[in-house]
Amino acid sequence: MTELKNDRLLRALRRQPVDVTPVWMMRQAGRYLPEYRATRKKAGNFLTLCKTPELACEVTLQPVERFPLDAAILFSDILTVPDAMGLGLYFEAGEGPRFRRPVRSAADVDRLGVPDPEQDLGYVMDTVRLIRRELDGRVPLIGFAGSPWTLATYMVEGGGSRDFRRIKGMLYEQPALLHRLLDVVTEAVTAYLDAQIAAGAQALMLFDTWGGVLSHRAFPEFSLQYMARIARGLHRGTGESRIPLILFTKGGGQWLEAMADAGADALGLDWTTSLGEARRRVGDRVALQGNLDPAALYASPETIRRLVAEVLSDYGKGNGHVFNLGHGIHPQIPPEHAAVMIDAVHELSRPYHG
């Protein structure tokens, strides 16, 4: 494989010294970029874009070619895994993702199997291989998956939800059934991420988008234990070649200590948790990623620079910080404002290192 020209991200995730704080953005390949909108129009629809390796590679590289980012992240969707499990993913205009065959009963769970990543999700692995070739070592490639709990919410609800009525009903009335579902999804996600590693992913991220809707008692049982099982089960290698893993639970600030013991290398933080406080709580057990409020990028360039400086100051001097937004970049953000943030991170973080 080509040697990395910029390994800041991997060094920061391993809590090793860097010259400046590395920065990338969740959803950095997305609708805020005019070139992305043009490629999506060419694809015809979102699923075709995800399932066509050449186009998915194209949009993965677009932000890396526009901005001096320190990582690329695979362009895909977390729901490709339940789609490969036979649930029939489709996208309803104005309503987001939907499943034709949601999981509502024991019989539905019994029908689920673990997809073969190279057969049932081969288009994702082909995309990873193509991106690695086209990146040619410029920056590392991050692979990802949804957490078992987050995937299960979509699988049971049949799509997005405001109140999580069906899956929380299952959680409280049929917890054994929900655990059976989470078991098979955990196996599927572990196999999927292992295949991404084999195809060339150099770091991994688990998106626990809906972990924060769980109660303080339910989160460890229905989300965290399954993410920990994935962290333990992945074949990530050893030493300097070990593939770092980031856990991100939106709304998960109250569980940081437990998450730090789950076996990952880094925790992603949303904007509701202080980086400095999080650093004090987890010590040197894990690196931290985050956590500028995505809405800050609506502000003026001067304000964006000030807010970037505040995030960097909150973390303070030393290793183990990856700068990111606290969630995905909004589609309406001007690309020029993202550029201001990225440049400010590199410029203003230099005194915190060395």
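Just so you know, these numbers use all the heavy atoms, side chains as well, and skip hydrogens, waters and symmetry mates. Position 1 is the first residue of the sequence; numbering continues from there.
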(Q) Show, in sequence, the C-alpha distance, side-chain angles and deciding distance for Phe67 and Leu33, and conclude whether the side-chain contact (heavy atoms from CB on, under 4.5 Å) test is met. (A) CA-CA 11 Å; Phe67 307 119; Leu33 291 178; 4.1 Å; yes
Q.
If we ignore hydrogens and angles and just use 3.5 Å, is the side chain of Gln225 paired with the main-chain N or O of Glu221 as donor and acceptor?
A. yes
Q.
Side chains of Thr127 and Ser76, heavy atoms from C-beta outward: is any pair under 4.5 Å?
A. no
Q) Can you check side-chain contact (heavy atoms from CB on, under 4.5 Å) on Phe164 and Leu214, steps first, answer last? A) CA-CA 10 Å; Phe164 302 92; Leu214 287 164; over 6 Å; no
Q) At their closest point, which heavy atom of Glu157 faces which heavy atom of Arg104, and how far apart are they? A) O-NH2, 3.1 Å
Q | Nearest non-hydrogen partners of His353 and Ser349, listed with the distance | A | CD2-O, 3.1 Å
Q | Taking every non-hydrogen atom, the tightest pair across Pro115 and Met85 | A | CG-CG, 3.6 Å
Q: Look at the side chain of Arg138 and the backbone N and O of Leu135, then say whether any donor-acceptor pair between them is shorter than 3.5 Å.
A: yes
**Q.** Any donor-acceptor pair under 3.5 Å from Arg232 side chain to Gly263 backbone
**A.** no
Q: Taking Lys5 for its side chain and Asp136 for its backbone only, find out whether a donor-acceptor pair lies under 3.5 Å.
A: yes
**Q.** Euclidean distance, Arg31 CZ relative to Gln332 CD, rounded to 0.5 Å
**A.** 7.5 Å
**Q.** Heavy-atom side-chain proximity of Asp108 to Leu112 below 4.5 angstrom
**A.** no
Q) Atom OG1 of Thr209 and atom CG of Asp270: how far apart are they, to the nearest 0.5 Å? A) 11.0 Å
**Q.** NZ/NE/NH1/NH2 to OD/OE distance under 4.0 Å, Glu118 and Arg129
**A.** yes
Q: State the CG-CG distance between Asp208 and Leu224, to the nearest 0.5 angstrom.
A: 8.5 Å
Q | Smallest separation among heavy atoms of Gly326 and Phe248, with atom names | A | O-CZ, 3.3 Å
Q | Side-chain donor or acceptor of Thr52 paired with backbone N/O of Leu49 under 3.5 Å | A | no
Q) Would you say Gln254 and Phe219 make side-chain contact, with heavy atoms under 4.5 Å? A) no
**Q.** Expected output: side-chain Arg285 to main-chain Ala260 donor-acceptor under 3.5 Å
**A.** no
**Q.** Worked verdict on Asp183 versus Arg180 for salt bridge (charged side-chain N to carboxylate O under 4.0 Å, His left out)
**A.** CA-CA 5 Å; Asp183 278 336; Arg180 283 177 50 206; over 6 Å; no
(Q) Using ring-ring contact (aromatic ring centres under 6.0 Å, His included), reason through Tyr315 and Tyr352 one step at a time and then give a plain yes or no. (A) CA-CA 9 Å; Tyr315 186 83; Tyr352 292 95; 8.8 Å; no
Q) Do any N or O atoms from the side chain of Asp293 and from the backbone of Trp271 form a donor-acceptor pair under 3.5 angstrom? A) no
Q.
Would Gln62 and Thr39 count as a side-chain hydrogen bond (donor to acceptor under 3.5 Å, both in side chains) here? Give the steps.
A. CA-CA 10 Å; Gln62 286 168 350; Thr39 305; 2.9 Å; yes
Q: Would you name the heavy atoms of Tyr192 and Ala145 that are closest together and state the gap between them?
A: CD2-CB, 3.9 Å
Q: Establish whether Met205 and Val124 are linked, either directly or via other cluster members, by ILVMFWY side-chain heavy-atom contacts under 4.5 Å.
A: yes
Q.
Which residue in the set Leu206, Leu151, Val189 passes side chain to side chain contact (heavy atoms under 4.5 Å, CB included) when paired with Ile78?
A. Leu151
Q.
If we ignore hydrogens and angles and just use 3.5 Å, is the side chain of Arg98 paired with the main-chain N or O of Phe91 as donor and acceptor?
A. no
Q. Hey, do the aromatic rings of Phe99 and Tyr154 have their centres closer than 6.0 Å?
A. no
Q: To the nearest 0.5 angstrom, please state how far the CG atom of Leu193 sits from the CZ atom of Phe144.
A: 10.0 Å
**Q.** Pair His321-Leu312, side-chain contact (heavy atoms from CB on, under 4.5 Å): steps then yes or no
**A.** CA-CA 9 Å; His321 181 208; Leu312 293 169; 4.2 Å; yes
**Q.** Pairing of Arg306 and Glu310 as salt bridge, 4.0 angstrom limit
**A.** yes
**Q.** Ile329-Val59 co-clustered via ILVMFWY side chain contacts under 4.5 Å
**A.** yes
Q: Quick one: pull up CZ in Arg236 and CG in Leu245 and give me the separation to the nearest 0.5 Å.
A: 5.0 Å
(Q) With heavy-atom distances below 4.5 Å as the criterion, would you say the side chains of Asp194 and Pro117 are in contact? (A) no
Q: Just do the side-chain hydrogen bond (donor to acceptor under 3.5 Å, both in side chains) check on Thr80 and Asp77 with the steps written out, would you?
A: CA-CA 6 Å; Thr80 55; Asp77 191 271; over 6 Å; no
Q: With rounding to the nearest 0.5 Å, note down the distance linking CG in Leu247 to OG in Ser147.
A: 9.5 Å
Q) Can you find a heavy atom in the side chain of Phe75 that is under 4.5 Å from one in the side chain of Gln28? A) no
Q. Any side-chain heavy atom of Ile142 within less than 4.5 Å of one from Trp24?
A. yes
**Q.** Residues Asp19, Arg8: salt bridge by 4.0 Å N-O rule
**A.** yes
Q: Carefully, step by step, assess Arg281 and Glu277 under the rule salt bridge (charged side-chain N to carboxylate O under 4.0 Å, His left out).
A: CA-CA 6 Å; Arg281 287 167 58 189; Glu277 178 190 341; 3.5 Å; yes
Q: Applying side-chain contact (heavy atoms from CB on, under 4.5 Å), run through Glu58 and Glu35 and close with a yes or a no.
A: CA-CA 10 Å; Glu58 183 179 315; Glu35 54 266 44; over 6 Å; no
(Q) Check whether Asn45 reaches the backbone of Thr48 with its side chain - one donor and one acceptor, N or O, closer than 3.5 Å. (A) yes
**Q.** Hydrophobic cluster identity match, Val23 and Ile304, side-chain contacts under 4.5 Å
**A.** yes
Q. Does Val20 share a hydrophobic cluster with Leu9, counting links as ILVMFWY side-chain heavy atoms below 4.5 Å and allowing steps through other members?
A. no
Q: Report yes if the side chains of Tyr36 and Pro331 come closer than 4.5 Å at any heavy-atom pair, otherwise no.
A: no
(Q) Do Val64 and Leu130 sit in one hydrophobic cluster, given that two such residues count as connected whenever their side-chain heavy atoms are within less than 4.5 Å of each other, even indirectly? (A) no
Q: Classify the ring geometry between Tyr298 and His330 as parallel (under 30°), tilted (30 to 60°) or perpendicular (over 60°).
A: tilted
(Q) Quick one, Met26 and Asn324 - any side-chain contact, counting heavy atoms below 4.5 Å? (A) yes
Q.
Between Asn291 (side chain only) and Thr273 (backbone N and O only), is there a donor and an acceptor less than 3.5 Å apart?
A. yes
Q.
Could you report the tightest heavy-atom contact between Arg14 and Ser241, atom names first, then the distance?
A. NH2-C, 4.3 Å
**Q.** Exceeds 12 heavy-atom contacts within 6.0 angstrom, atom NZ of Lys41
**A.** no
